K.L.:
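Just passing along the structure, written as structure tokens.
Given the structure is predicted, the values throughout are model-derived calculations rather than measurements. Proteins come first, then strands; the chains are lettered A, B, ... in the order of their sequence lines, and each starts at number 1.
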Amino acid sequence: MVMAHGPTLLPTFMPVATQAAIKGLTSQQMEDLGVTLILNNTYHLNLRPGIKILREAGGAHKFQGWRKNLLTDSGGFQLVSLSKFTKITEEGALFASPFTGEPTLLTPEESISIQHAIGADIIMQLDDVVSSLTTGPRVEEAMWRSVRWLDRCIAQHKREGRPEQNLFAIIQGGLDSGLREICLEEMVKRKDSVSGFAIGGLSGGEAKDTFWKMIALCAEKLPDDKPRYSMGIGFAEDLLVCVALGVDMADCVFPTRTARFGVALTRQGPLNLRLNKYSQDLDPIDKDCACPTCRSETSRAFIYHNIGTETATAHAVTQHNIVFQAKLMGDVRDAIMKDEYPAFLKSFFKGYYANGKYPHWIVDSLNSVGVDLLEGLQNTQVVDEDGQNWDYA
Amino acid sequence: MTSPNALNPVPTFSFRLRSTSPSRFSPRTGHVTLTRSRPTDGHDSATIELPTPSLVCATSRGVIQHLSQDNVQRTPCAKWIHVPFESFLQIDPPSISRQEGPNPLHSFLGFSPSRHLLSLSLRDPADGREVPANGKEFVSTLTSRGTRKIAAPVFRSYVTTVLPDITFAMSDIPFTPPPHSQKRTTKSVDRSAQWLANILAPLNLPSLPQTPPTRLNVFVHMVGGIRDAARSAFSYMLREPLEPKERTLVQLKNLDEGVSGYVFDLQPLRITLLAEEQKVSLQSLGSPAVPHRPSDDKVCDTFVSLMHASLEEMPVEKPRLVNTTLSPHEMLILIRDVGIDLFDSFWVQQAATWGIALDFRFPVPAGTEEEAKKHLGHNLYDDCYAIDISRLADSFLDGLTHSNRGESADQKNTPPVCPCGACSPTWSNEPLIHSSLDEYTVPRGTVEPASPYTRAYIHHLLHTHEMSAHAFLAMHNFAVLDAFFAGIREVIERDPDSFENEVKRFFAVYDSTFELLDEAKRSYHEVDKARGKGRLAREKELQTAKVAEELDVPVPTVEVVEEAIQG
Ligand SMILES: [Zn+2]
Ligand SMILES: [Zn+2]
């Protein structure tokens with residue numbers, strides 16, 4: 001995928017820089033880690049520093065000193081999740097300004113204009129977001145409204161003439177496959193006016209079985225020649241399944257947020273470095289990892305000593321987790337290029353679920369694309385679990 | 001061939017005075033050299049050099065605050081790094097004491113033996129909090145899990161295990177409420193001398209020749225509190241011939257023979273002088289009773305005379321190190337009136353924590369004289385920076401502007417470049433590669449200058465509680481302090497007589513009270529309170545912020561309550 005700020009290889013994971021900064025790290029550090037695409041949140045940037053300052057600074061790239069690719073969301077999701085008083089009308093999302101309390105309207109046109117001012121390489125349509133646990137007519141209403149708002153976004157995007165910025169549509173329709181199919185049909189009709197498609201409205205607490213089936217359904221129907229972006233996905237197991245189902249891009253705050261709480265991601269599962277068992281552990285997080293933290297052989301014991309008290313230690317774990325995600329996706333790219341992705345999946349999950357307990361949704365979802373994870377393995381057990389391998393004690 | 005020194009775990013420390021000072025306490029320049037004969041970092045040996053006067057980086061819990069290892073590498077002025085040991089005592093045995101290899105302290109903390117000189121003290125010189133009384137045999141230390149009593153032989157065993165390049169001998173400096181009686185001060189002097197002897201005793205390693213004896217590089221705190229007589233007494237004890245029994249043990253004529261440098265910690269002196277002057281108890285100053293604003297002229301005069309009392313009879317050619325100064329003015333006074341060589345950078349690192357970008361130079365650039373005193377930097381919390389897209393400091397250029405100007409620029413009237421990671425960031429020529437395809441898409445091989453970060457961006461980061469703000473400010477403030485010392489060295493070497501005049505000019509231009517610091521702290525706490533939070537979390541956060549404000553410490557930043565704010 002080549003955009004105004006260079007190439008980004010797919011599939012890829014995008015670290016989230018909510019406030020125009022990846023937690024604790026500079027843009028130079030991010031580039032050093034081999035990251036070429038990050039995400040900023042429009043809702044937050046619009047509040048602080050505000051569009052006026054971003055314009056003054058020459059856009060969000062210049063403001064945060066980032067020279068690679070950038071994606072902004074539409075601001076809709078945060079509006080709904082962070083503002084108690086948001087009311088959705090056909091015109092747009094009406095909410096109380098967090099500063100003045102005054103009613104403020106975010107329209108699809110407004111969202112696109114703001115994202116134009118921010119200047120991201122990928123911008124997202126404003127969609128009518130409902131929680132993935134919502135049922136009933138509201139889901140259908142939101143789906144149809146998202147389609148209508150897509151048209152308004154496309155019109156605004158064309159009107160303002162920003163060909164170097166790429167507009168993505170967002171597939172909605174909740175957990176109802178019928179609605180998803182309608183949404184897919186409608187939005188794919190507009191494929192010449194958009195650069196890519198996101199799968200929205202998932203990863204909000206729905207059952208894993210439903211989650212993968214919805215992803216599979218969308219990936220199946222989306223055109224092959226446009227990137228597919230699965231929003232809010234960040235666990236290693238979710239990423240690998242989504243890629244197997246045909247997803248190219250994903251984002252999540254999880255890897256960077258969990259780092260600040262001392263959780264380091266590894267291919268054997270996450271390590272919770274706040275646990276006493278690491279207090280005397282002089283090994284690095286992962287001796288094979290190329291991140292600055294592991295390369296300088298920072299020990300688990302030293303991280304244990306300082307996590308929660310020294311910001312620099314949180315930065316060190318953040319760097320590791322970003323590299324973990326990037327390397328995971330890099331290995332995925334290599335495996336796909338060599339036509340060895342099934343073997344890669346098998347070997348990854350063998351290490352990740354070393355106890356032999358495989359969540360059945362992972363086994364099922366991969367079976368659906370012809371990968372039998374359990375083939376040739378003994379002493380495995382298929383369990384009814386989500387599959388996050390938490391390091392509890 | 002392996003040199004006989006190759007087995008010596010202790011590097012060679014030397015200090016050489018460069019300028020010939022007219023008197024014992026005149027400003028002076030010098031040169032620190034540390035030579036490691038043991039193989040390190042893939043080199044057979046390593047030499048670290050540091051011209052003085054210079055800075056010593058302070059650490060908290062073993063890290064230079066806010067700087068991850070790669071940012072430490074972006075901060076080349078971080079050469080001498082001081083590590084207080086006490087935080088590691090929170091678990092027994094300290095995990096650090098189990099680290100193996102030729103440079104265990106470097107390895108554990110992730111510093112480079114070929115680039116970083118590490119010194120170690122038992123206690124944190126910047127921690128002025130009250131601590132239970134020390135005893136005849138031990139010092140009370142503070143850890144995050146309560147106090148721990150450490151005896152001199154125990155300290156010695158830790159030091160000989162973790163192997164810092166320089167060890168500050170364990171000293172009896174009381175952190176019980178002042179004032180301290182004469183009797184208490186006498187005890188302090190006696191114990192400190194005794195403990196110094198303990199750390200100076202040769203390292204009887206079976207692998208090493210017994211003669212000449214191998215010992216640690218030791219600096220000693222010049223104790224004696226605020227009493228000139230006690231200070232003289234301590235320095236006398238350093239010089240007096242050792243008793244035969246001790247002499248056999250330590251293998252020195254007198255203690256000073258084994259001492260490589262002298263240390264003064266200002267924080268305990270400030271606390272004692274403050275209590276004395278205001279006739280108030282330590283408790284009523286609040287805990288931690290850590291003064292954060294520079295001391296007035298009178299107190300600085302007292303520092304000078306106390307240091308004179310300590311150094312009056314001591315050899316001039318040993319380095320003198322001062323911890324916890326709180327402003328460039330204090331540093332200048334101590335260079336001018338005592339001839340101090342090394343200063344910890346505690347206060348500039350604190351300024352980074354409170355959101356201040358330093359902006360001052362020595363000597364003061366021509367034409368800077370103004371009617372109103374200039375602040376020492378910018379409180380970037382202030383809303384006046386919200387839309388300010390200039391670089392962090394007016395007195396320095398950024399790398400990009402400098403490289404765009406090229407050779408033709410008027411060299412004379414051009415400010416120097418601030419080389420820090422905020423003003424002169426560079427894109428790496430070696431980003432990580434994650435797949436075989438990446439190599440074709442990632443440009444490699446050239447280090448390109450990046451745009452400087454702006455005040456508006458740091459202002460934004462501070463107001464959104466993004467911790468990179470402090471990383472940028474720490475890198476920048478180090479660079480400003482490093483340039484300050486370079487300027488000092490240059491003036492002393494060019495014309496020592498002009499130094500006093502340049503100090504006067506500096507005092508005339510820059511605010512010596514560091515008023516900005518209080519302003520920045522107020523902003524810090526306000527932003528902290530206003531920070532958007534979930535309902536429950538907000539309550540808790542407010543409570544923490546309130547306590548932190550009362551205690552006058554930064555709110556713990558990482559252990560934040562789960563942010564409800566992200567999507
Ligand atoms: Zn790592
Ligand atoms: Zn700078």
Side-chain angles (χ1 to χ4, degrees), chain A residues 6-7 9 18-21 23-26 28-29 31-34 41 48-49 53 56-57 62-65 67 77-78 81-82 98 253 257 260 279-280 282 290 292-293 296-299 301-302 305-316 319 323 326-327 329-331 333-334 337, chain B residues 60-71 87-88 90-91 95 98-99 107-110 144 386-387 389 421 425-428 430-438 441-442 450-451 453-454 456-457 460-461 463-464 466-468 470-472 532 556-560 563-567:
Chain A
L9 295 172
T18 299
Q19 311 267 18
K23 295 290 166 197
L25 305 185
T26 71
Q28 282 68 40
Q29 287 177 292
E31 188 171 312
D32 274 4
L33 299 180
N41 288 121
R48 253 185 195 287
I53 290 168
E56 190 88 5
K62 287 214 172 119
F63 184 64
Q64 63 201 302
R67 65 171 180 175
F77 179 78
Q78 264 83 17
S81 55
L82 296 180
V253 294
R257 182 191 283 171
R260 279 172 295 138
S279 70
Q280 299 284 354
L282 295 174
T293 309
S296 65
E297 293 180 19
T298 306
S299 64
F302 190 36
H305 180 65
N306 279 341
I307 196 75
T309 48
E310 291 299 334
T311 58
T313 302
H315 305 341
Q319 287 177 310
V323 169
K327 178 69 177 140
M329 297 311 268
D331 284 355
R333 291 195 291 274
D334 274 343
M337 287 302 288
Chain B
S60 165
R61 305 180 65 84
V63 300
I64 300 177
Q65 277 201 301
H66 310 301
L67 298 189
S68 51
Q69 270 315 313
D70 52 334
N71 277 337
S87 81
F88 297 102
Q90 73 181 48
I91 43 179
S95 48
R98 297 176 53 253
Q99 181 78 44
S107 303
F108 191 80
L109 305 179
S144 59
I387 205 156
I389 55 171
T426 53
W427 298 111
S428 145
E430 288 197 320
L432 289 181
I433 294 285
H434 300 298
S435 74
S436 49
L437 290 169
D438 290 27
T441 63
V442 180
S451 311
Y453 290 90
T454 61
Y457 183 56
H460 165 74
L461 296 176
H463 279 267
T464 50
E466 287 290 344
M467 293 303 134
S468 41
H470 305 291
F472 285 120
T557 42
V558 184
E559 206 151 358
V560 286
E563 281 149 292
I565 205 156
Q566 295 194 337

K.L.:
Is A:Arg333 in contact with chain B via its backbone, its side chain, both, or neither, using a 4.5 Å heavy-atom distance?
P.N.:
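Contact with chain B involves the side chain of A:Arg333 alone.
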K.L.:
Which atoms of A:Gln64 are under 4.5 Å from chain B, going by heavy atoms: the side chain, the backbone, both sets, or neither?
P.N.:
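Both backbone and side chain.
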K.L.:
CZ/A:Phe63 to OG1/B:Thr454 distance, rounded to the nearest 0.5 angstrom?
P.N.:
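So the gap between those two atoms works out to 6.0 Å.
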K.L.:
Contact part of A:Met329 toward chain B, heavy-atom cut-off under 4.5 Å: side chain, backbone, both or neither?
P.N.:
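Nothing of A:Met329, per the 4.5 Å heavy-atom cut-off to chain B.
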K.L.:
Tell me, for B:Phe472 versus chain A, whether the close heavy atoms (under 4.5 Å) come from the side chain, the backbone, both or neither.
P.N.:
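Side chain of B:Phe472 only, per the 4.5 Å heavy-atom cut-off to chain A.
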K.L.:
Please work out which of the three classes, parallel, tilted or perpendicular, describes the rings of A:Phe302 and B:Phe108, given edges at 30° and 60°.
P.N.:
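Tilted: the ring planes of B:Phe108 and A:Phe302 meet at 30° to 60°.
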K.L.:
What part of B:Tyr457 gets closer than 4.5 Å to chain A, counting heavy atoms only: side chain, backbone, both or neither?
P.N.:
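Both backbone and side chain.
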K.L.:
Hey, does the side chain of A:Asp334 reach the backbone of B:Ser436 with a donor-acceptor pair shorter than 3.5 angstrom?
P.N.:
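Checking the backbone N and O of B:Ser436 against the side chain of A:Asp334, a donor-acceptor pair under 3.5 Å is found.
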K.L.:
Answer with side chain, backbone, both or neither: which region of B:Leu67 has an atom nearer than 4.5 Å to a non-hydrogen atom of chain A?
P.N.:
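Contact with chain A is through the backbone of B:Leu67 alone.
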K.L.:
Between chain B and each of A:Thr26, A:Thr293, A:Leu25, A:Val323, count heavy-atom pairs under 4.5 Å; write down the option with the most.
P.N.:
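Most heavy-atom pairs within the cutoff with chain B belong to A:Thr26.
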K.L.:
Any donor-acceptor pair under 3.5 Å linking the side-chain atoms of A:Glu297 with those of B:Ser107?
P.N.:
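Result is no, nothing qualifies.
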K.L.:
Go through the atoms of B:Ser87 and report whether side chain, backbone, both or neither lie under 4.5 Å from a heavy atom of chain A.
P.N.:
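Its backbone and side chain both get close to chain A.
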K.L.:
Check each atom of B:Ser451 against the heavy atoms of chain A and say whether the ones under 4.5 Å are side chain, backbone, both or neither.
P.N.:
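Neither part.
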K.L.:
Have B:Gln99 and A:Ser299 got a donor and an acceptor in their side chains that come within less than 3.5 Å?
P.N.:
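No donor-acceptor contact under 3.5 Å links the two side chains.
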